[in-house]
Amino acid sequence: MSVLVCVPVYDGFESVERCLSALASARVNASFRTVVINDASPDERIAPMLNALALANPRMQVRHNATNRGFTWNVNQAFVAASADEHLCLLNSDTLVTSHWLDEMLKCVVDDVSVGTVTPFSNNATICSFPDFSRAWPVPEKVERERIARALREHPAAAIDLPTGVGFCLLISTACRAKVGLFDLENFPRGYGEENDFCMRAASAGFRNVLCPNAYVAHEGGVSFSESTQALMKVGGERLLAKHPSYDTQVADWIARDPVRTRREAIAGMLQS
């Protein structure tokens, strides 16, 4: 079983460097290869940095777009690049993976063939945030990230159903990818709703969207949102609801039930003891 890890990149030199360093150094048993798609980053340091990393890592391929194509287009290139027997993992370029992150996420797919998408715990991942989803938490230091990941692994729990996966780190099974198809480029050309739409389509096709309660991937996330970003988020939200009118209700119901609360509190208690 193998995985294609796709990392779309647009500027953010320091974050990208941290992300790819963590990806290369984290202890993982699963077989995976990486494709990094540089979406015409204006920062001239990005391309040579990525090329140097690819030279040092034969399992990493770098693609440079001549023009900026947008997040959704880039992700769809990974859908096409993945072989029929490869699961696909979409990984934001401002994430920091931890030991055995991919091993634990893969177990969710292996244990239940109906699992279509898998999202790990994170400090900043809306409904998948730890220690709770009341807000985005700061990125823990490396020692603390690994401590959280180890506690999750050493006290495993079963996958927990989600109304939608969270796109900062999203594993998509081969079966789900084959049946559901590509991200919706027409409605979400710049992102902002594309993974939610995909997960809703996956659920309609009979697949489960789950939280992997035994994996942790830190996410820096946006510190602030520009007016243009807010406008894109508004349009994306409107198009998402136009396609899936029950989306907001499903998420609100899940938040009210909070089926992850017991898991979060148990691990938080272990870390404090």
Side-chain angles (χ1 to χ4, degrees), residues 71-72 75 90 92 95 105 108 112 114-138 152 157-173 176 179-180 183-184 186-227 229-269:
F71 181 83
T72 306
V75 167
L90 308 177
N92 277 16
T95 56
M105 292 175 71
C108 295
D112 185 347
S114 71
V115 169
T117 74
V118 184
T119 307
F121 268 126
S122 180
N123 61 293
N124 181 8
T126 61
I127 60 175
C128 295
S129 295
F130 176 89
D132 64 58
F133 53 68
S134 63
R135 64 183 178 90
W137 295 86
L152 293 170
I160 301 170
D161 285 287
L162 297 169
T164 178
V166 185
F168 80 103
C169 178
L170 188 70
L171 177 67
I172 303 172
S173 73
C176 183
K179 189 170 183 179
V180 179
F183 277 15
D184 184 348
E186 180 179 355
N187 280 298
F188 309 99
R190 311 303 296 182
Y192 305 102
E194 76 294 336
E195 83 271 19
N196 313 80
D197 168 66
F198 181 88
C199 290
M200 293 295 284
R201 287 157 50 203
S204 295
F207 291 98
R208 297 171 63 199
N209 300 300
V210 304
L211 166 72
C212 174
N214 310 320
Y216 185 86
V217 174
H219 179 211
E220 294 180 6
V223 176
S224 62
F225 295 100
S226 65
E227 289 185 7
T229 298
Q230 291 176 353
L232 287 169
M233 292 174 69
K234 182 176 184 294
V235 171
E238 291 170 349
R239 292 180 176 177
L240 180 64
L241 286 179
K243 291 188 69 176
H244 310 284
S246 67
Y247 176 82
D248 279 354
T249 301
Q250 290 187 40
V251 173
D253 288 347
W254 188 94
I255 289 173
R257 291 186 293 109
D258 193 4
V260 187
R261 179 178 178 179
T262 300
R263 176 62 172 168
R264 291 195 312 264
E265 291 181 348
I267 295 300

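Below, each value reflects all heavy atoms present in this structure, side chains not excepted, and no hydrogens, waters or symmetry copies.
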Side chain [X], main chain [Y], donor-acceptor under 3.5 Å:
X    : Y    : result
W137 : D132 : yes
E238 : G236 : no
R263 : P213 : yes
N209 : C199 : yes
W254 : D161 : yes
S173 : C176 : yes

Going from [atom1] on [X] to [atom2] on [Y], what distance comes out if it is rounded to the nearest 0.5 angstrom?
X    : Y    : atom1 : atom2 : result
I172 : F198 : CD1   : CZ    : 4.5 Å
H244 : Q250 : NE2   : CD    : 9.5 Å
M105 : L171 : CE    : CG    : 5.0 Å
L240 : E195 : CG    : CD    : 9.0 Å
D258 : F133 : CG    : CZ    : 4.0 Å
S129 : N123 : OG    : CG    : 7.0 Å

Kindly give the heavy-atom pair with the smallest separation between [X] and [Y], and that separation in Å.
X    : Y    : answer
S114 : D112 : OG-OD1, 2.6 Å
C108 : V118 : CB-CG2, 3.9 Å
F168 : V217 : CE1-O, 3.5 Å
A215 : P120 : O-CB, 3.7 Å
T119 : C128 : CG2-SG, 3.8 Å
H219 : N124 : ND1-O, 2.8 Å

With the threshold set at 4.0 Å, does a side-chain nitrogen-carboxylate oxygen contact exist between D184 and K243?
yes
What I want to find out is whether D197 reaches R201 closely enough, with some N-O distance under 4.0 Å, to be called a salt bridge.
yes
Please tell me if the side chains of R239 and Y192 come closer than 4.5 Å, counting only heavy atoms from C-beta onward.
no
Got F207 and T117 here, is their nearest side-chain heavy-atom distance under 4.5 Å?
no
Results of side chain to side chain contact (heavy atoms under 4.5 Å, CB included) for A158 - residues two or more places apart only:
none
Given V251, V210, I127, the one that forms side-chain contact (heavy atoms from CB on, under 4.5 Å) with L162
I127
Give the ring-plane orientation class for F130 versus Y216, where under 30° counts as parallel, over 60° as perpendicular and anything between as tilted.
perpendicular
